[in-house]
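Chain letters run A, B, ... following the sequence lines, proteins first and then strands; every chain starts at 1. When reading the values below, keep in mind they use all heavy atoms of this one structure, side chains included, and skip hydrogens, waters and symmetry mates.
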Amino acid sequence: MDIAKDNTDFPQDSGTSLPKHIDPTHYEAKWYQRWMDAGCFSTHPEAAPSRFCIVIPPPNITGSLHMGHALNLSLQDAIIRHKKLTGADVLWLPGTDHAGIATQNVVEKQLMDEGTHRADLGRERFEQRVWEWKETAQGRINDQLRKLGAAVDWRMERFTFDEQCCHAVRQAFKTLYDEGLIYKDMRIINWCPRCKTALSDIEVEFEEEGGALYYVSYPVEGTSEAIVVATTRPETMLGDSAVAVNPDDERYKKFHDKMVTLPLVGRSIPVITDDYVDRQFGTGALKITPAHDPYDFEIGKKHNLPAYCMMDEDGVITSDYPAYTGMDRFACRVKVAVDLKSQGLLVKQEVYRHSVGHCYRCGIAIEPYLSLQWFVRMKELAEPAAQAVRDGRTRFLPDRWTKVYLNWMDNIRDWCISRQLWWGHRIPVWTCADCGDISASVTDIQECPNCSSRNISQEDDVLDTWFSSGLWPLSTLGWPNSTPALKTYYPTSILVTGFDIIFFWVARMMMFGLKFGGDVPFRDVLIHGIVRDAEGTKMSKSYGNVIDPLDIIDEYGADSLRFSCLSSAGMGQDVYLSDEKFRSGRNLCNKLWNAARFILMTAPEPPSDLQKALSEAALDLSDRWILSRAKETLDEALALMEQYDLAEALHKIYAFFWHDFCDWYLEIAKNRLKNATEAEHNMITSILHYLLRWILTLFHPFIPFITEEIWQALPVGARHSVPLLAEERYPQFDFAPDDEAIRQMTFIQGLIRNVRDIRASLSIPPKTKIELLVSTDDSHKIQTMKICESYISSLSGVSRIQFGRIKDKDENRYATCIIDGVEIFVPVPSEMKDGETERLEKRRKTLSEELVRIEGKLQNESFVQKAPREVVQKEREKLVALRDDLNKITER
RNA sequence: GGGCGGGUAGUUCAGUGGGAGAACGCUUGCUUCACACGCAAGAGGCCGUGGGUUCAAUCCCCACCUCGCCCACCA
């Protein structure tokens, strides 16, 4: 077995020993600096065999990073470091998002606390103020990134509002505008009366709410009758311009072409007919308010109705309705209902639950509002973006998100991109007051390109912040310039993000990426879950259950935090975080630390030549076993990493390290070292060091700080001037796992566990050595046990093993159990016999139940006939072994 | 109204057409010279309900119940 293919030899100089207790604060910041100094985060495009690139989902500069970010960043960092360890040229590009509306709200709130308002400052000074805020927020976010250990290439840092991104935004806008894919139109859009801006459709969050359905009577002119309409928003009746009924509705046929008098306003409005009206709903009559309802607007256009605007941008009633002027929309709703009632026109009022749209940034109810806005024509952009996913050029992980994405793309609607904000990319369109020319430009223009007049002005509105986010993979790499970075790293490898921004961001990047970059922006999209607290409640500020990642880092260390996040983040699984979880992360770190400490204490200076050390003494069973398990673990973990199943990979590594390496190999090695020859000692310590390095490398992507710290304490680490991350690669082993060693070791482990079980159930004190009698005809197993006699002794407190038959008359004096057909006996003092009988009876019961099951199966003729031969054969073998075991037990 | 995901140990989740697993928690015993942030042993599950396919179903198919999420302009 050649385990030293990577040909690393151990140094002569002695390693630094690790302090008894871990203190992450002593090494985490230090290592981050060292990694940066050593250029660990930089790219090396020239030499590497493969490339890998992630652009960070840029955090909003609205505040600091929360647990969701910690999860998102931990995943990316683990992937990035994994790829570095495979030898790829890796780029992880950092940056932040100017987050138009969200950031503007944050700064506005600060101004409010200071007793002022953005209007007092004026646009320029307000923007200045936001830039100042940006500096502090960005600094804080970047500091958190460093604390978490994010291996980002700081030289490539971008901001969605920096010069390079501005250029990209303008170029993209101009191209779309010139191609007619961006247009300006008067439409009903979603308006937030608090943020005082238009919103796109997906920026509205609908929620079921308790409300009322008001039945209002509209007198039909020239008759004594009335048409009753049902509405949830009675205040909008001030802006009504018609009442619509279904043309086939018999109830209303007599009113076709009649006029009704609009209550409270006195306006005379027509009764119109339209198929859209549902006869079943309410009264079957619908009030039409073109300026305040999207569908009414469509009907209004169809029927040439005027649109009366009864509410302004603050959600306050306009001066056209003196009785209500200046009232807030909800106060107006109440007054309208009261007034109608007093005039006997409110027929009834029902309790009614319906969904109400809210602004996703400030939470207040949005208002459908008629205004002039900019839109992107989406169909032409969406089709290739959908196709790319259908073709598998971009792949969603887990796959179920593909459908969600495609469903949205296939039902796409035009995107309202103008925002009435001050913080953001100002729409790069100039209008000439003289000739009326309207043109988009990448650079600021001073004169009209058509008539050269200097009497031109730029649009006041800014772009939806997601417009610039959508360009992120392109703009960060230098687009529209054909930079080396763009050529080398576009398309990027994977995008790691949450499902909540698939439409906002992933979809837009796909569209822009294909449109402007000529290819998909990323090959894979890894969609992770959200962070919840221990009770399963989504972690959010409004629930007051947020945990600050920095607090956890302070208390447990960044590695513990990362471990907790990563081990809980199964493919697409929501992550439940709690103190319990963080403690388990800390415990793992502690275990790793102590295992390393033990190895360094035992063998501060391992032999310089691993190959030589291994050749001078024979590997024993535990050596062959652990090396085989190590190889298996490496293969499994790396395969899982390649599928981005990080949690599963981490579990495999964890189980190997803790349960195979520490629980068994280290314990056995401890004992072997006591009586080892020099050659054996060299060999064992070589393997210990070798496996420790291996374990550190495998763990490094998940818990980078502690692995680096331990690495540096190793003799081989101390000799290197640069750390693990910079120089190491995953171990390259090309030997096959030794299945026989694994089988034998599994048998021995079972044997030891059974002896321990007997000891525990008979309450034999840990310090009491016992004799063990073993009875079997299997010479191969006897051989194995003889080889492993020392393991069995040391791990189960056995002083002596005797092989052979037990004389019948002595049987009552022994506790017994059967493992793989091998009977073992432990002498029992008579006063302990009760426990033993109980234990044995329980075992007998389990075995006989199993026996009945298998017998039944084999007596079933169709099973024997139709089941695959090997399955039947296996069952038969089991039956024989089971009968044998059962007989032996029954004898006792 | 449409779609998606889940229902397996006390909890959070793996899992496979043929003997139910892990972690944490719990119980018990251990100051065993790396680690009590530890070691060892143990208890605990009609694998949501009903039907179907199959020699065989926790797993595949159908229906239902249930929890959660997303989408949709029903006043």
Side-chain angles (χ1 to χ4, degrees), chain A residues 18 20-22 188 201-202 206 213-214 229-233 236 244 276-278 280-289 293-298 352 354-355 357 368 398 400-401 403-404 407-408 411 413 499-500 502-503 530 532 534 536 556 560 567-568 570-576 578 580-581 583-602 647-648 651 654-655 659 662-663 666-667 670 752-753 756-761 763-767 794-797 850 853-854 857 860-868 870-872 874-875 878 882:
Chain A
L18 297 168
K20 191 160 163 54
H21 297 288
I22 327 183
I188 298 269
D201 292 336
I202 52 175
F206 284 91
L213 190 58
Y214 300 83
V229 301
T231 177
T232 52
R233 298 190 299 151
T236 62
Y276 168 73
V277 181
D278 178 357
Q280 310 301 318
F281 191 92
T283 60
L286 175 63
K287 65 192 245 355
I288 302 297
T289 322
D293 181 277
Y295 213 91
D296 289 5
F297 180 72
E298 293 304 316
Y352 188 70
H354 62 134
S355 71
R400 69 184 128 100
W401 297 107
K403 235 184 200 173
V404 176
N407 184 54
W408 191 74
N411 296 289
R413 297 193 304 164
F499 56 79
D500 50 335
I502 289 179
F503 305 147
I530 57 167
R532 299 175 180 277
Y556 299 107
S560 302
S567 65
S568 318
M571 262 299 182
Q573 205 73 46
D574 285 351
V575 174
Y576 293 67
S578 59
E580 197 179 294
K581 279 270 172 64
R583 265 182 259 126
S584 80
R586 176 202 57 182
N587 293 355
L588 182 267
C589 291
N590 183 256
K591 186 78 176 175
L592 187 57
W593 184 264
N594 278 292
R597 211 159 60 83
F598 169 73
I599 291 169
L600 285 169
M601 280 162 59
T602 311
E648 214 36 48
H651 290 151
Y654 177 96
H659 299 304
C662 291
D663 290 354
L666 273 189
E667 292 305 320
K670 257 186 212 174
I752 290 168
R753 285 203 176 101
R756 285 167 170 173
D757 179 17
I758 291 174
R759 296 186 62 119
S761 60
S763 303
I764 297 170
K767 280 184 177 151
S794 61
L795 297 182
S796 57
E850 177 72 359
R853 201 184 57 81
I854 294 179
K857 226 171 164 176
N860 181 348
E861 273 184 36
S862 39
F863 170 71
V864 180
Q865 278 170 16
K866 294 188 183 175
E870 57 274 19
V871 173
V872 179
K874 217 172 122 194
E875 294 295 311
K878 268 194 277 184
L882 213 51

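Nucleic acid contact for A:Phe503: sugar-phosphate only, since backbone atoms but no base atoms lie under 4.0 Å from a heavy atom of the residue. Nucleic acid contact for A:Lys878: base, since at least one base atom lies under 4.0 Å from a heavy atom of the residue. As judged by a 4.0 angstrom heavy-atom cut-off over every strand, A:Asp296 is placed among residues making no nucleic acid contact. Using a 4.0 Å heavy-atom cutoff across all strands shown, A:Arg597 reaches sugar-phosphate atoms only and no base atom. Nucleic acid contact class of A:Arg759 (heavy atoms, under 4.0 Å, all strands): none. Looking at heavy-atom distances under 4.0 Å, A:Cys589 makes no contact with the nucleic acid at all. Within the 4.0 angstrom heavy-atom criterion, no nucleotide atom of any strand lies near A:Val404. Among the protein residues, A:Arg233 comes within range of no part of the nucleic acid, since none of its heavy atoms lies under 4.0 Å from any strand. Heavy atoms of A:Asp757 sit under 4.0 angstrom from primed sugar atoms or phosphate atoms, though from no base atom. Among the heavy atoms of the strands lying under 4.0 Å from A:Tyr295 is at least one base atom, whether or not backbone atoms are also near. Nucleic acid contact class of A:Pro868 (heavy atoms, under 4.0 Å, all strands): base. Here A:Lys287 lies out of heavy-atom contact (under 4.0 Å) with every strand. Looking at heavy-atom distances under 4.0 Å, A:Phe499 makes no contact with the nucleic acid at all. Across all strands shown, A:His21 has no heavy atoms under 4.0 Å from either base or sugar-phosphate atoms.
Contact record, A:Asp296 with A:Thr289: OD2-N, 2.7 Å, taken as the closest heavy-atom pair. The two residues A:Ser796 and A:Arg759 have their closest heavy-atom pair at O-NH1, 3.1 Å. Among all heavy-atom pairs drawn from A:Phe863 and A:Glu875, the shortest one is CZ-CG, 3.9 Å. A:Thr232 approaches A:Tyr214 most closely through the heavy-atom pair O-CE1, 4.1 Å.
Only the C1' atoms considered, B:rA20 is 8 Å distant from B:rU58, to the nearest whole Å. To the nearest whole angstrom, the two P atoms, one in B:rC4 and one in B:rC61, are 13 Å apart. For the P atom pair drawn from B:rC26 and B:rC37, the interatomic distance equals 13 Å after rounding to whole Å. Distance noted for atom P between B:rA9 and B:rC46: 8 Å (whole Å). For the P atoms, the distance from B:rA40 to B:rA22 is 14 Å, rounded to whole Å. Taking atom C1' in both B:rG1 and B:rA72, one finds a spacing of 8 Å when rounded to whole Å. Of the P atoms belonging to B:rA57 and B:rC47, the separation is 13 Å, rounded to the nearest Å. Separation of the P atoms belonging to B:rA23 and B:rG19 is 23 Å when rounded to the nearest angstrom.
Interatomic distance, A:Ile288 CD1 to A:Tyr295 OH, rounded to the nearest 0.5 Å: 10.0 Å. With rounding to the nearest 0.5 Å, the separation of CZ in A:Arg233 from CG in A:Leu213 is 13.0 Å. Interatomic distance, CG of A:Asn594 versus CD1 of A:Ile22, reported as 7.0 Å (0.5 Å rounding). Between the CH2 atom of A:Trp408 and the CZ atom of A:Arg413 there is a distance of 10.5 Å, given to the nearest 0.5 Å.
Mapping A:Gln573 and A:Leu882 onto RNA chain B by nearest heavy atom places A:Gln573 at the nucleotide closer to the 5' end. Heavy-atom nearest nucleotides on RNA chain B were determined for A:Met571 and for A:Lys403, and the one closer to the 5' end corresponds to A:Lys403.
A donor-acceptor contact shorter than 3.5 Å links the side chain of A:His651 to the backbone of A:Ser567.
Salt-bridge formation is detected for the pair A:Glu850/A:Arg853: a Lys NZ or Arg NE/NH1/NH2 atom is positioned less than 4.0 Å from an Asp or Glu carboxylate oxygen.
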Task: Dot-bracket pairing map - RNA chain B, Watson-Crick plus G-U, both contacts under 3.5 Å, | cross-strand - done: (((((((..((((....[..)))).(((((.......))))).....(((((..]....))))))))))))....
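Once you apply a 4.0 Å limit to the heavy atoms of chain A, the touched nucleotides of RNA chain B run 5' to 3' over B:rC4 to B:rA75.
Judged purely by distance below 3.5 Å, without hydrogens or angles, the side chains of A:Thr602 and A:Lys670 never pair a donor atom with an acceptor atom.
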